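Let me begin by presenting the structure, written as structure tokens, before commenting on it.
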2 protein chains.
Amino acid sequence: MKLMNETVPVNFESLNGELVDVFNNVMWIEEAALKQSDFSDITLKDMHTIDAVSMYSEKSASQVAKIVHLTPSAMTTAIDKLVDKGYIERRRSNKDRRVVRLGLTHKGRVVYRAHQGFHRDLTHNLLKDMAPQETVIVQRAIHNLVCYLANVIKH
Amino acid sequence: MKLMNETVPVNFESLNGELVDVFNNVMWIEEAALKQSDFSDITLKDMHTIDAVSMYSEKSASQVAKIVHLTPSAMTTAIDKLVDKGYIERRRSNKDRRVVRLGLTHKGRVVYRAHQGFHRDLTHNLLKDMAPQETVIVQRAIHNLVCYLANVIKH
DNA sequence: TGATTTATTTCGATAGTCAAACTAATTTTT
DNA sequence: AAAAATTAGTTTGACTATCGAAATAAATCA
């Protein structure tokens with residue numbers, strides 16, 4: 001375990017604690033919000049699938065599987081469910097008839113936008129009462145995190 | 001859907017995107033890191049249970065269940081597994097013999113500290129190359145988020 | 001004491017996941 | 001051009017996590 005030293009700001013531990021809090025809870029809160037919404041028939045994981053399918057590009061099933069870290073077989077059943085519930089459409093590509101192109105239905109686009117709204121609210125609240133030059137610093141911090149995580153991925 | 005307006009910094013969308021990235025990926029990265037570690041026999045959810053049991057307080061099974069958002073029955077089986085694997089100890093309270101007090105074994109404390117280390121690394125990297133007065137701003141932002149999420153919980 | 005509440009466990013059902021085998025379409029090799 | 005290898009997706013079977021309802025056990029209340 002690392003010990004604190006003098007160069008670390010005194011409230012490192014409290015920041016760390018709040019960060020852990022955020023990570024442990026966002027997912028659950030998002031899930032709970034979804035259950036109380038008009039789209040209670042899908043889970044947060046379904047939501048992420050819908051998000052990966054997204055609005056404007058026609059991604060293949062395996063591309064989406066990769067994004068959400070599911071195996072192709074799990075993706076198949078996930079899509080089955082979302083097709084049944086009317087959020088996603090399957091179309092066999094004419095170019096290469098092995099591939100399945102995925103797209104959102106009207107209902108899918110509605111829930112996609114709602115989910116985007118949720119995330120925008122988070123971002124707005126992250127920046128609450130911040131001066132423009134302060135928001136830049138926050139942005140740098142989040143960017144640090146993204147870079148670090150990207151590095152962890154490629155060990 | 002909220003529209004952007006002039007008071008919002010131009011890179012709101014990019015910050016929002018990176019934040020979504022972080023939320024969608026931390027969990028998965030944490031899970032993957034765990035699989036490659038010496039503790040590949042537990043999942044991230046197990047890790048969060050261990051974290052909730054934590055080092056120094058003797059929490060009951062249902063308290064831990066509440067923290068990690070599991071039903072008591074699911075908690076029972078989750079604990080069974082972690083007891084078998086040697087991470088957690090069950091002790092019946094002498095005060096009230098209905099309640100099960102949970103504690104970490106030596107192995108449990110080791111993995112708990114490793115997990116704390118992971119989170120501390122995240123926090124360190126969030127603050128990478130930041131001046132002390134900048135870290136305060138970042139802390140304020142994260143605190144905003146915690147407060148917002150706490151509000152969402154109690155609708 | 002008997003009834004009620006509380007903490008945990010057991011049981012049965014359901015849903016999500018993976019790996020392996022399989023189908024169909026495409027590309028490469030010979 | 002036929003055969004072999006590759007690729008995209010699906011089906012199947014096994015396993016795990018989770019929940020809700022009922023069971024158990026202990027404490028508290030009337």
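Chain naming here is simple, since letters A, B, ... match the order of the sequence lines and numbering starts at 1 in each. Because the structure is a prediction, the values reported are computed rather than measured.
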Nucleotide [N], atom [atom2] - distance to [atom1] of [X] in whole Å:
| X | N | atom1 | atom2 | answer |
| --- | --- | --- | --- | --- |
| Arg91(A) | dG9(D) | CZ | P | 14 Å |
| Gln63(A) | dT7(D) | CD | P | 15 Å |
| His48(B) | dT18(D) | NE2 | P | 13 Å |
| Lys45(B) | dT17(C) | NZ | C1' | 12 Å |
| Lys66(B) | dT8(C) | NZ | P | 11 Å |
| Ile42(A) | dG16(C) | CD1 | P | 12 Å |
| Glu31(B) | dG16(C) | CD | P | 17 Å |
| Arg101(A) | dT7(D) | CZ | P | 16 Å |

Could you check whether atom NZ of Lys66(A) has more than 12 heavy atoms from other residues, nucleotides or ligands sitting under 6.0 Å from it?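 Open: at most 12 neighbouring heavy atoms sit under 6.0 Å from NZ of Lys66(A).
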Can you tell me if CZ on Arg97(A) sees more than 12 non-hydrogen neighbours from other groups inside 6.0 Å?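 Counting neighbours around CZ of Arg97(A), 12 or fewer heavy atoms of other residues, nucleotides or ligands fall under 6.0 Å, so no.
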Run Lys45(A) and Glu31(A) through salt bridge (Lys or Arg N to Asp or Glu O under 4.0 Å) and show every step you take. CA-CA 9 Å; Lys45(A) 289 194 173 185; Glu31(A) 179 94 54; over 6 Å; no
Inspect the contact between Arg101(B) and Glu89(B) and indicate whether a charged nitrogen and a carboxylate oxygen are less than 4.0 angstrom apart.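 Looking at Arg101(B) together with Glu89(B), the answer is no, because their closest N to O distance does not fall below 4.0 Å.
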Could Lys81(A) and Asp41(A) be called an ion pair, given the rule that one side-chain N must be under 4.0 Å from one carboxylate O?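 The answer is no: the pair does not qualify as a salt bridge.
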Atom pairs, N/O to N/O, protein against nucleotides 23-27 of chain D, distance under 3.5 Å?
residue	atom	partner	partner atom	Å
dA27(D)	OP1	Arg97(B)	N	3.0

Can you tell if the side chain of His119(B) reaches within under 4.5 Å of the side chain of Leu19(A), non-hydrogen atoms only?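 They are not in side-chain contact.
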Quick one: does Tyr112(B)'s side chain get under 4.5 Å of Val53(B)'s, heavy atoms only?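 No; the side chains remain at least 4.5 Å from each other.
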Are there any protein N/O atoms within less than 3.5 Å of an N/O atom in nucleotides 9-15 of chain C, and if so, which ones and at what distance?
residue	atom	partner	partner atom	Å
dT9(C)	OP1	Arg90(B)	NE	3.0
dT9(C)	OP2	Thr76(B)	OG1	2.9

Apply side-chain contact (heavy atoms from CB on, under 4.5 Å) to residues Thr135(B) and Phe12(A) and explain how you reach the verdict. CA-CA 9 Å; Thr135(B) 68; Phe12(A) 176 85; over 6 Å; no
side-chain contact (heavy atoms from CB on, under 4.5 Å) between Thr43(B) and Leu34(B): does it pass, once the steps are laid out? CA-CA 7 Å; Thr43(B) 66; Leu34(B) 205 52; 5.7 Å; no
